[in-house]
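Taking it in order: structure first as structure tokens, then the write-up.
All values reported here derive from a predicted model rather than from experimental measurement. Chain letters run A, B, ... following the sequence lines, proteins first and then strands; every chain starts at 1. Side chains are part of it too, since the values below use all heavy atoms of this structure and drop only hydrogens, waters and symmetry mates.
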Amino acid sequence: MAAGRAFLGAPCSSLATGARRLAFASLPPRALAPALRRRVPGRRVASVSSSPDAASAPEPYVLTTPLYYVNAPPHMGSAYTTIAADAIARFQRLLEKKVIFITGTDEHGEKIATSAEASGRNPKEHCDVISSSYKMLWADLDIEYDKFIRTTDHKHEGVVNEFYSRVLSSGDIYRADYEGLYCVNCEEYKDEKELAENNSCPVHLKPCVARKEDNYFFALSKYQHKLEELLARNPDFVRPSHRLNEVQGWIKSGLRDFSISRASVDWGIPVPNDTKQTIYVWFDALLGYISALLDDGEQASLQQAIDRGWPASLHLIGKDILRFHAVYWPAMLMSAGISVPDAVFGHGFLTKDGMKMGKSLGNTLEPKDLVERFGADAVRYFFLREVEFGNDGDYSEERFINIVNAHLANTIGILLKYICFCNMYILFMRAKTYYAFCLLSSHSVHFNYASFCVNNDIVLLI
RNA sequence: GGCGGCGUAGCUCAGCUGGUCAGAGCGGGGAUCUCAUAAGUCCCAGGUCGGAGGUUCGAGUCCUCCCGCCGCCA
């Protein structure tokens with residue numbers, strides 16, 4: 001029995017720290033696998049709906065994570081978003097909805113070219129390496145996505161070109177000179193008044209460079225009233241609600257047109273009819289949510305992609321990219337005559353032991369290491385359960401072990417063990433309790449997931 | 001500075017339109033079963049619900065002010 005004193009993939013030795021309780025559940029991860037793991041990670045079997053109205057082809061539930069920027073391998077923040085999205089996707093599948101869960105990588109831009117050069121590779125090779133590291137992590141975390149889009153995919157470029165043409169024909173793209181201080185890391189111009197000392201970017205704390213370019217601009221300002229109407233008509237468009245206030249504030253204070261091309265960046269999708277410029281990474285990447293809907297090898301048609309299930313039901317993102325998803329993106333879609341998504345949910349950031357994580361602080365939390373030590377179920381469970389969804393959340397190893405032991409090992413683990421071993425005596429003794437638990441939980445889970453309170457009742461979905 | 005939010009048990013948080021709302025999970029303490037994993041089961045938190053006024057028969061729950069913390073202001 002001693003050999004089995006580990007819960008869900010956590011080696012005993014890794015948990016044997018000091019006087020802390022050492023024993024996790026006796027079931028090794030693979031013993032539970034047949035009961036818990038229904039599919040090969042990342043390769044979901046197409047769901048077959050048995051609901052009565054399946055014949056009328058109900059709209060799919062299209063759910064997205066951001067397309068992660070491949071300047072660096074995945075970090076815990078990316079993993080958190082994807083874990084949460086996967087939990088929501090699983091819930092929707094339990095409701096027998098056809099779910100299209102989209103994730104992927106955003107691979108263009110100056111910063112990528114710079115990262116590639118630093119690692120001695122050409123941009124495409126660099127993207128291949130980093131993009132595959134995301135896929136590997138999602139497999140390790142049992143993420144069951146349906147579509148993985150890379151913005152360097154051929155089909156994506158076709159969709160971007162077509163979309164650009166639509167926006168152009170709406171009269172929302174114009175050419176203008178722009179001169180200002182540019183942050184290469186943000187890949188955007190900065191207002192002088194927002195800069196830190198020495199004209200440094202407030203986000204990256206690196207000096208911005210003076211740049212003058214002849215760029216193409218998107219007429220965002222034209223969409224101010226339409227965006228206001230959108231939020232007034234559908235306040236659930238931005239969640240949680242306190243972020244709606246922020247978005248409304250941004251719009252109310254006035255929207256400025258933004259540059260959607262770069263003359264100085266080679267690694268990107270060329271602007272149609274002007275190959276001297278490439279399309280701004282955000283204008284490019286956001287369209288990945290649509291191009292992802294196309295099957296591999298399918299003709300790169302914008303309309304065909306839309307017919308595959310657009311609009312998205314939910315964009316799940318971190319709060320740092322809310323502006324792009326809740327302001328720029330719907331305006332771009334309106335311009336192209338395409339439906340806007342149903343909702344954008346901006347979750348919070350993660351801290352470690354109460355501290356902001358960062359390479360410079362040397363306290364990053366590597367999702368890969370966490371999975372290797374504790375197993376995917378434990379990692380998924382902890383972040384879903386212990387982070388108030390929408391707010392910032394904290395990781396500490398002590399808390400992690402406490403929660404996993406108490407909830408997964410002591411409660412669920414033991415129950416599963418006795419189900420697996422058909423210990424009828426124990427099951428009989430506890431039958432009433434488990435029955436009541438299931439009854440209450442089914443109602444509760446439905447309510448909580450429908451309102452994106454994923455941290456409640458999460459145990460039933462892992 | 002402007003706008004918005006928050007401050008409820010050691011920790012993370014529930015408490016909708018004011019009247020069993022003083023709660024949950026984890027941690028901690030105690031008891032107990034022994035066909036369960038240092039498991040399970042049962043009991044225990046006397047927290048002035050940030051502070052002070054006010055409205056009300058009655059306020060974490062509404063109003064005002066103060067203190068502290070946080071977010072956004074591209």
Side-chain angles (χ1 to χ4, degrees), chain A residues 1-8 10 12 15-16 19-28 31 180 183 186 188-195 201-203 220-221 224 238 240-259 282 319-324 326-328 346 348-349 351 353-354 356 381-383 385-396 398-430 432-434 440 444 447-448 451 453 455-459:
Chain A
M1 182 58 90
R5 288 281 173 81
F7 178 74
L8 298 178
C12 293
L15 296 169
R20 195 181 293 120
R21 183 155 57 86
L22 305 180
F24 272 178
S26 61
L27 279 184
C183 172
C186 296
E188 65 183 18
Y189 287 97
K190 295 288 178 187
D191 263 359
E192 284 189 33
K193 64 183 178 186
E194 65 174 307
L195 294 176
C201 164
V203 179
L220 179 67
S221 54
Q224 177 155 348
V238 179
S241 60
H242 62 267
R243 300 208 198 285
L244 173 69
N245 294 338
E246 291 177 13
V247 175
Q248 285 175 317
W250 295 335
I251 297 171
K252 193 178 174 185
S253 65
L255 296 175
R256 288 206 305 258
D257 299 347
F258 67 99
S259 162
W282 270 108
K319 61 184 180 180
D320 52 327
I321 52 175
L322 187 59
R323 179 187 306 279
F324 297 104
V327 180
Y328 289 19
F349 288 159
T351 54
D353 299 320
K356 189 178 174 181
Y381 183 80
F382 176 79
F383 287 102
R385 176 62 179 78
E386 281 302 290
V387 178
E388 193 68 20
F389 199 51
N391 294 347
D392 292 350
D394 187 54
Y395 166 91
S396 79
E398 185 182 356
R399 183 113 183 134
F400 185 100
I401 290 175
N402 279 339
I403 293 294
V404 169
N405 271 333
H407 293 187
L408 292 188
N410 297 348
T411 305
I412 301 299
I414 289 177
L415 170 62
L416 286 175
K417 175 176 176 180
Y418 284 91
I419 289 173
C420 292
F421 287 87
C422 292
N423 190 324
M424 297 315 292
Y425 175 81
I426 297 291
L427 292 174
F428 178 75
M429 297 298 284
R430 305 293 307 149
K432 266 170 67 178
T433 305
Y434 291 139
L440 287 171
S444 177
F447 174 80
N448 282 313
S451 52
C453 296
N455 49 307
N456 296 331
D457 302 321
I458 185 59
V459 70

Between [N] and [M], how far is it from one [atom1] atom to the other, in whole Å?
N     : M     : atom1 : result
B:A14 : B:G25 : P     : 16 Å
B:G15 : B:C33 : P     : 40 Å
B:U61 : B:U55 : P     : 15 Å
B:C13 : B:G53 : C1'   : 29 Å
B:C35 : B:G30 : P     : 25 Å
B:A45 : B:G1  : P     : 44 Å
B:C49 : B:A31 : C1'   : 31 Å
B:G68 : B:A52 : C1'   : 15 Å

Nearest whole angstrom, please: distance from the [atom2] of [N] to the [atom1] of [X].
X        : N     : atom1 : atom2 : value
A:His407 : B:G27 : NE2   : P     : 7 Å
A:Asn245 : B:C3  : CG    : P     : 14 Å
A:Leu322 : B:C72 : CG    : C1'   : 10 Å
A:Phe382 : B:U12 : CZ    : C1'   : 10 Å
A:Glu398 : B:U12 : CD    : C1'   : 14 Å
A:Asp392 : B:C11 : CG    : C1'   : 17 Å

Residue [X], side-chain heavy atoms: nucleotide from [options] that is nearest:
X        : options             : result
A:Glu246 : B:G25, B:G27, B:C72 : B:C72
A:Asn402 : B:G27, B:C11, B:C13 : B:G27
A:Arg323 : B:C73, B:C26, B:G40 : B:C73
A:Asn410 : B:G40, B:G71, B:C26 : B:G40
A:Trp250 : B:G27, B:G25, B:C72 : B:C72

Practice problem: Tell me what A:Arg256 touches on the nucleic acid: a base, only sugar-phosphate, or nothing, going by heavy atoms under 4.0 Å. | Solution: base

Quiz item: Is any NZ, NE, NH1 or NH2 atom of the basic residue among A:Lys319 and A:Asp392 found under 4.0 Å from an Asp or Glu carboxylate oxygen of the other?
Solution: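 A salt bridge links A:Lys319 with A:Asp392.
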
Quiz item: Is B:G30 in the syn range, within 90° of 0, or in the anti range?
Solution: anti

Quiz prompt | Syn or anti for B:A39 (syn when the glycosidic angle lies within 90° of 0) | solution = syn

Quiz item: Of all heavy-atom pairs between A:Val238 and A:Ala326, which one has the smallest distance, and what is that distance?
Solution: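 Taking every non-hydrogen atom into account, CG2-CB, 3.9 Å.
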
Quiz item: Does A:Phe382 have its ring centroid less than 6.0 Å away from the ring centroid of A:Tyr395?
Solution: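 Yes; A:Tyr395 has its ring centre under 6.0 Å from that of A:Phe382.
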
Quiz item: Roughly how far, to the nearest 0.5 Å, is the CZ atom of A:Arg243 from the CG atom of A:Leu322?
Solution: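 Rounded to the nearest 0.5 Å, the CG-CZ separation comes to 7.0 Å.
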
Practice problem: Using both distances under 3.5 Å as the test, list the Watson-Crick or G-U wobble partner of B:G1, or none. | Solution: B:C73

Quiz item: Which base, if any, makes a Watson-Crick or G-U wobble pair with B:U41, both distances under 3.5 Å?
Solution: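 Pair assignment: B:U41 / B:A31.
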
